[in-house]
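Please read the structure below before turning to the comments.
Source: prediction; values computed, not measured. Heavy-atom basis, side chains included; hydrogens, waters and symmetry copies ignored.
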Amino acid sequence: MNIFQKSVVVAIVTFILDFTFHYFMTNPMETMTYFVLKFFLSFFVAAGFFSLNKFNMYPEKRIFFAAIAGLIFSTLMSVYYRAWELGEAGVPFGSRAPDIFGIVRSSIMFPAVWWLGHASFFFVGVIVAMKLSKK
């Protein structure tokens with residue numbers, strides 16, 4: 001598998017996991033624009049990740065690098081989302097994110113679940129791509 005193919009796998013897995021999370025665990029559902037942006041962002045972050053020399057030089061540390069890439073992906077998506085809230089949508093900071101069933105919006109768990117959850121979707125995508133590329 002080349003970098004493009006692995007990046008497409010990461011983007012597809014990230015998209016599917018994120019869509020499933022939003023469908024079953026949040027209200028209201030996110031827009032299709034959000035998911036399209038997430039697909040492209042995950043593709044480009046994955047392409048950068050798989051292009052890193054450190055990724056290729058240290059195969060024993062790939063899981064660690066994948067976790068860091070997931071956190072970077074989630075941070076970039078959060079920055080975009082908050083900028084969109086404040087700029088284009090004109091809504092108060094933090095008010096646009098859908099509610100997560102079972103987690104109080106005012107608790108520290110709310111942003112932590114968003115950040116770590118979305119990072120884990122990307123991380124799983126990288127793991128799937130790495131497993132598929134070994135075959």
Atom [atom1] in [X], atom [atom2] in [Y]: separation rounded to 0.5 Å?
X	Y	atom1	atom2	answer
Lys134	Leu132	NZ	CG	11.0 Å
Met25	Ile103	CE	CD1	7.0 Å
Leu17	Ser120	CG	OG	7.5 Å
Phe122	Ile127	CZ	CD1	10.5 Å

[X] side chain near [Y] side chain, heavy-atom distance below 4.5 Å:
X	Y	value
Trp114	Ile100	yes
Tyr80	Leu41	no
Tyr58	Arg62	no
Pro98	Glu30	yes
Phe123	Ile63	yes
Phe73	Thr14	yes
Arg105	Asp99	yes
Val126	Lys6	no

Verify, without hydrogens or angle tests, whether Ser74 (side chain) and Gly70 (backbone) share a donor-acceptor contact under 3.5 angstrom.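 No; judged by distance alone, with no hydrogens or angles, the pair does not exist.
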Same apolar cluster: [X] and [Y], side chain cutoff 4.5 Å:
X	Y	result
Leu71	Ile108	no
Phe40	Ile72	yes
Val8	Val36	yes
Val79	Phe44	no
Phe24	Leu116	no

Mutual orientation of the aromatic rings belonging to [X] and [Y] [parallel < 30°, tilted 30-60°, perpendicular > 60°]:
X	Y	answer
His22	Phe35	perpendicular
Phe19	Phe15	parallel
Phe121	His118	perpendicular

Start with the C-alpha gap between Met77 and Tyr34, add the side-chain angles, then the distance that decides, and say whether side chain to side chain contact (heavy atoms under 4.5 Å, CB included) holds. CA-CA 10 Å; Met77 190 64 196; Tyr34 168 88; 3.6 Å; yes
Do Thr75 and Trp115 get their side chains close enough for a donor-acceptor pair, meaning under 3.5 Å? yes
Does atom CZ (Phe101) have a neighbourhood of more than 12 heavy atoms from anything else shown, all under 6.0 Å?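 Counting neighbours around CZ of Phe101, more than 12 heavy atoms of other residues, nucleotides or ligands fall under 6.0 Å, so yes.
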Quick check: closest heavy atoms across Pro28 and Thr26, and the distance to 0.1 Å? O-OG1, 3.8 Å
Where is the tightest heavy-atom contact between Val10 and Ser42, given as atom of each residue plus distance?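 The answer is CG1-O, 4.2 Å.
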What do you reckon, are the aromatic ring centroids of Phe49 and Phe65 less than 6.0 Å apart?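 No.
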Quick check, are the ring centers of Phe43 and Phe4 under 6.0 angstrom apart?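 Centroid separation for Phe43 and Phe4: below 6.0 Å.
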